[in-house]
Amino acid sequence: MTLLKAVRGTRDLLPPETELWNRVEATARRVFARYNFGEIRTPIFEDTQLFARGVGEETDIVSKEMYTWEDGERFNERKLIADWVKTNESDEPSRVQGGRVNIQGVPSFLAKLKEIGVQLQVWRGVNAGEEHLLSGHVELVSFRPSVSSDAIASLLKARDLGKSDPTGQIQQFPIRLRLVIPMSGAVNTWVDRKDVIVEPFEGKFFDSAQSLTLRPENTAGVVRAYLEHKLGESGLLQKLYYIGPQFRRERPQKGRYRQFWQIGAEVIGPPSAGSESPLRDAEVLEMLASFLDELGIAGWTLTLNSVGSSTDRPRYIAALREALQDKAPLMCVDCQRRAETNPLRVLDCKVPEDQPIIETLPRIADYLDDASEAHFAQVLAALDACGVKYEVNPRLVRGLDYYTRTTFEFTHGGLGAQNALLGGGRYDGLSEMLGGPKAPGIGFAIGLDRVVLTLQAQAEAAPRKPAPALADAFIAPLGESLNASALELARELRRQGLRIELGDGSFRLKKSFEIGNKLARSIVLYGEDEHASGILTVKNFATGEQTKIPRDQLAQALQRTGKM
RNA sequence: GCGGCUAUAGUUCAGCGGCAGAACGCCUGACUGUGGCUCAGGAUGUCGUGGGUUCGAUCCCCACUAGCCGCCCCA
């Protein structure tokens with residue numbers, strides 16, 4: 001039996017690494033608290049519509065990277081029967097074959113069906129125009145009073161196959177399932193037109209309550225919660241932070257996982273609360289700089305830009321498209337594609353030859369209206385005033401549709417291709433996109449995985465690595481009869497705040513020492529003598545010093561060695 | 001999603017068309033209530049999975065899976 005493994009792009013976080021994760025999270029909580037942020041926890045999955053409307057239907061995240069499923073999906077027998085009746089009512093009886101499910105599709109699709117074990121009689125005919133038997137197994141289908149579970153399973157498989165069709169090949173040839181019941185006089189009693197409600201077939205045999213999606217980011221969820229709970233009605237600015245896993249189906253790489261962790265925060269509220277103020281932008285950026293500094297991340301770079309208001313941006317994109325009509329053919333193939341699909345991305349191109357051309361393209365700065373321009377200038381002025389270093393990069397663009405005005409990212413050189421530690425920006429129109437009142441906001445998401453990677457790389461480079469955390473003491477019961485009272489001793493010490501490892505009476509003393517030396521700073525011997533006298537034998541591993549300590553002074557003594 | 005590289009012991013990695021290897025770690029003993037150091041001994045294993053070539057495959061070929069690097073995208 002093959003061992004099951006964590007699925008692609010996911011991973012287990014084990015001690016002692018989790019200690020580092022906790023440190024980062026604790027630092028975030030501590031720093032954010034000083035700015036009066038409160039924690040919000042939103043669901044890990046949301047209605048798919050939330051992300052489609054918030055993040056943007058056309059973004060890569062929504063169009064190809066989300067984990068989406070139809071929740072509460074049920075096989076709809078009525079639809080299946082209705083479809084059968086509809087497609088077969090004009091068929092000549094002689095053309096109807098008994099007990100089979102016919103599936104039409106392209107050869108690769110049929111091969112796949114075979115591969116996953118769908119046992120059906122299958123002909124190829126769409127492309128080749130010839131009939132060719134690929135599999136001889138005949139699956140019987142009966143659907144009175146209900147469709148066989150095998151047939152349902154086959155439909156489910158075919159449906160999933162259609163969903164995961166990577167090349168779009170299958171979609172070009174829609175899956176057509178035709179259920180054919182045995183030819184006999186029984187037909188009319190099996191499916192009586194009067195008993196069946198014939199409805200137009202809508203192209204699916206499945207009904208679902210709603211489409212759900214594992215969150216690919218958390219801002220949309222926070223804004224949804226803000227609207228749902230009418231937090232704007234307080235008239236105050238809402239300052240919320242979150243820590244949690246996010247999900248995107250991308251190709252895994254170092255620093256990029258399919259389940260990844262983000263620490264993020266949002267400042268959002270009605271305009272009357274000052275949510276539009278450039279001071280909020282600067283304050284958030286200053287907080288992030290403090291967070292990274294306090295964590296001890298050296299060598300980060302803050303890059304920022306203004307992508308303009310929701311009216312500036314379309315104007316700019318139009319201008320960019322126009323300029324690219326002439327320029328794009330001179331650029332790399334990627335840029336030629338981007339010019340069509342997502343012109344803003346051309347600005348991100350890293351090909352050296354393209355750089356001079358990019359320099360000649362229109363700049364977003366020239367398309368900002370006066371208000372946006374002034375807003376950005378005030379953000380920069382506030383950053384200057386508090387001494388946070390930054391670079392303005394007029395080519396910095398963000399991939400999510402909801403960003404307006406200030407956008408930024410903090411990068412770190414040690415991360416390779418995935419060099420962004422965190423990213424964020426202002427989203428003045430998001431609330432309205434979700435059907436809410438005007439509620440400008442600014443937020444960011446820290447890539448926790450990447451921050452941890454950076455810290456680990458720094459620790460690796462450091463001349464002295466920190467020693468792994470040791471327990472204060474290892475309690476070694478000498479003999480299994482002492483196990484129970486050793487637990488009592490451990491409980492006593494632990495309740496006084498000590499970190500205790502408890503051995504086992506079956507261990508030979510030598511083994512207790514060996515294990516104790518690996519796990520703890522001191523060993524406490526708990527044998528018959530100690531049990532009777534209440535005077536315990538304690539040996540400090542570092543000094544080799546061995547002393548007798550009365551039980552009531554033990555905690556204090558171990559505390560003291562802890563500070564050594 | 002695309003391209004390249006990789007997959008052997010718990011870990012880091014050698015290796016070879018014909019008995020599966022090192023170092024570290026682990027276990028046992030020298031040493032029955034005293035660890036680290038030393039010495040002696042021991043066990044490591046589906047050689048990623050499935051096919052193919054071959055008398056014979058961990059090695060060569062193919063497919064798959066996973067990881068890493070780059071692209072894409074983003075945190």
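Everything quoted here is computed from the prediction, not taken from an experiment. Numbered from 1 within each chain, the chains take letters A, B, ... in sequence-line order.
- Checking side-chain atoms of Glu217(A) against main-chain N and O of Ala220(A) turns up a donor-acceptor pair under 3.5 Å.
- Glu217(A) comes within contact range of no nucleotide atom at all, as no heavy-atom separation falls under 4.0 Å.
- Taking only distance into account, the side chain of Arg248(A) meets the base of A75(B) through a donor-acceptor pair shorter than 3.5 Å.
- Comparing the P positions of U28(B) and C69(B) gives an interatomic distance of 40 Å, to the nearest angstrom.
- The side chain of Phe513(A) has U34(B) as its nearest neighbour among A75(B), U34(B), C68(B).
- Judged by the 6.0 Å distance and 45° axis criteria, Lys511(A) is positioned over the aromatic ring of Phe507(A).
- Within residues 528-538 of chain A, the residues that place at least one heavy atom under 4.0 Å from RNA chain B are, in residue-number order, Asp529(A), Glu530(A), Thr537(A).
- Taking every heavy atom of both residues into account, Ile549(A) and Ala557(A) meet most closely at CD1-CB, 3.5 Å.
- Distance CG (Leu453(A)) to P (C68(B)): 10 Å, rounded to an integer number of Å.
- Within the nucleic acid shown, Phe474(A) has no heavy atom closer than 4.0 Å to any nucleic acid atom.
- Atom CG of Leu295(A) is separated from atom P of A75(B) by 19 Å (rounded to the nearest Å).
- Rounded to whole angstrom, the span from the NZ atom of Lys548(A) across to the P atom of U34(B) amounts to 13 Å.
- Applying the 90° criterion around 0 to the glycosidic angle, C19(B) comes out syn.
- If you take atom C1' in C71(B) and the same atom in C62(B), they sit 26 Å apart, rounded to whole Å.
- Judged by centroid separation below 5.5 Å and plane tilt below 30°, Phe260(A) stacks onto the base of A75(B).
- Note on Leu422(A): only backbone sugar-phosphate atoms sit closer than 4.0 angstrom, heavy atoms only; bases stay farther off.
- In this structure, Ile515(A) reaches neither bases nor backbone, as no heavy-atom distance under 4.0 Å exists between it and the strands shown.
- As judged by a 4.0 angstrom heavy-atom cut-off over every strand, Arg450(A) is placed among the base-contacting residues.
- Judged by distance alone, with hydrogens and angles left aside, Lys510(A) brings no side-chain donor or acceptor close enough to the base of U34(B) to form a pair under 3.5 Å.
- For the pair Glu545(A) CD and G36(B) P, the interatomic distance rounds to 20 Å; values are reported in whole Å.
- Considering every non-hydrogen atom in both Tyr226(A) and Ile268(A), the closest pair reads CD1-CG2, 3.8 Å.
- Nucleotides C13(B) and C68(B) place their P atoms 14 Å apart, quoted to the nearest Å.
- Using the six-membered ring where Trp is involved, Phe32(A) and Phe444(A) have ring planes that are perpendicular, over 60° apart on the 30 and 60° scheme.
- One interatomic measurement links the two molecules: CZ of Phe247(A) to P of C73(B), which rounds to 24 Å at whole-angstrom precision.
- Within the nucleic acid shown, Gly264(A) has no heavy atom closer than 4.0 Å to any nucleic acid atom.
- Heavy atoms of Gly423(A) sit under 4.0 angstrom from primed sugar atoms or phosphate atoms, though from no base atom.
- Around CZ of Arg11(A), the count of heavy atoms belonging to other residues, nucleotides or ligands within 6.0 Å exceeds 12.
- Contact annotation: Arg508(A) side-chain N/O to G33(B) OP1/OP2 distance is not under 4.0 Å.
- Rounded to an integer number of Å, the gap from Asp12(A) CG to A66(B) P is 15 Å.
- Among the nucleotides A75(B), C73(B), U34(B), the one closest to any side-chain atom of Leu509(A) is U34(B).
- Leu344(A) has its side chain within reach of Ile317(A): a pair of non-hydrogen atoms, C-beta onward, lies under 4.5 Å apart.
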**Item:** Stepwise side-chain hydrogen bond (donor to acceptor under 3.5 Å, both in side chains) test for Tyr257(A) and Glu250(A)
**Value:** CA-CA 7 Å; Tyr257(A) 308 97; Glu250(A) 296 180 274; over 6 Å; no

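- Gly479(A) comes within contact range of no nucleotide atom at all, as no heavy-atom separation falls under 4.0 Å.
- Within 4.0 Å (heavy atoms only), Gly255(A) reaches at least one base atom of the nucleic acid.
- The residue among Gln262(A) and Arg249(A) whose nearest nucleotide of RNA chain B lies closer to the 5′ end is Arg249(A).
- Among the protein residues, Arg11(A) comes within range of no part of the nucleic acid, since none of its heavy atoms lies under 4.0 Å from any strand.
- Counting any heavy atom pair closer than 4.0 Å across all strands shown, Lys539(A) reaches a base atom.
- Taking atom CG on Asn419(A) and atom C1' on C71(B), their separation rounds to 14 Å, with Å as the unit.
- Here Arg251(A) does not reach the OP1 or OP2 of G67(B): none of its side-chain N or O atoms lies under 4.0 Å away.
- Distances shorter than 4.0 Å separate some side-chain N or O of Lys518(A) from OP1 or OP2 on C26(B).
- Ring geometry, Phe513(A) versus Phe541(A): the interplanar angle exceeds 60°, so the pair is classed perpendicular (tilted spans 30 to 60°).
- In this structure, Arg405(A) is not positioned above the aromatic face of Phe376(A) in the sense of NZ or CZ being under 6.0 Å from the six-membered ring centre and within 45° of the axis.
- Side-chain atoms of Tyr35(A) and Glu286(A) form a donor-acceptor pair, as typed in the model, at a separation below 3.5 Å.
- A donor and an acceptor atom never sit less than 3.5 Å apart when one is taken from the side chain of Arg256(A) and the other from the base of C68(B).
- The same atom, C1', is picked in G18(B) and in U54(B); the two are 12 Å apart, to the nearest Å.
- Helical stems involving RNA chain B, defined as 3 or more consecutive Watson-Crick or G-U pairs under 3.5 Å, span B:1-7 with B:65-71, B:10-13 with B:21-24, B:26-30 with B:38-42, B:48-52 with B:60-64.
- When distances run from any side-chain atom of Gln253(A) to the nucleotides C26(B), C69(B), A75(B), the shortest one goes to C69(B).
- With respect to Phe45(A), the ring pair (Phe, Tyr, Trp, His ring centres under 6.0 Å) criterion is satisfied by exactly one of Trp69(A), Phe51(A), Tyr67(A): Trp69(A).
- Atom pair Ile61(A):CD1 and C72(B):C1' shows a separation of 13 Å (rounding to whole Å applied).
- Looking at His531(A), its side chain never comes within 3.5 Å of a backbone N or O of Ser485(A) through a donor-acceptor pair.
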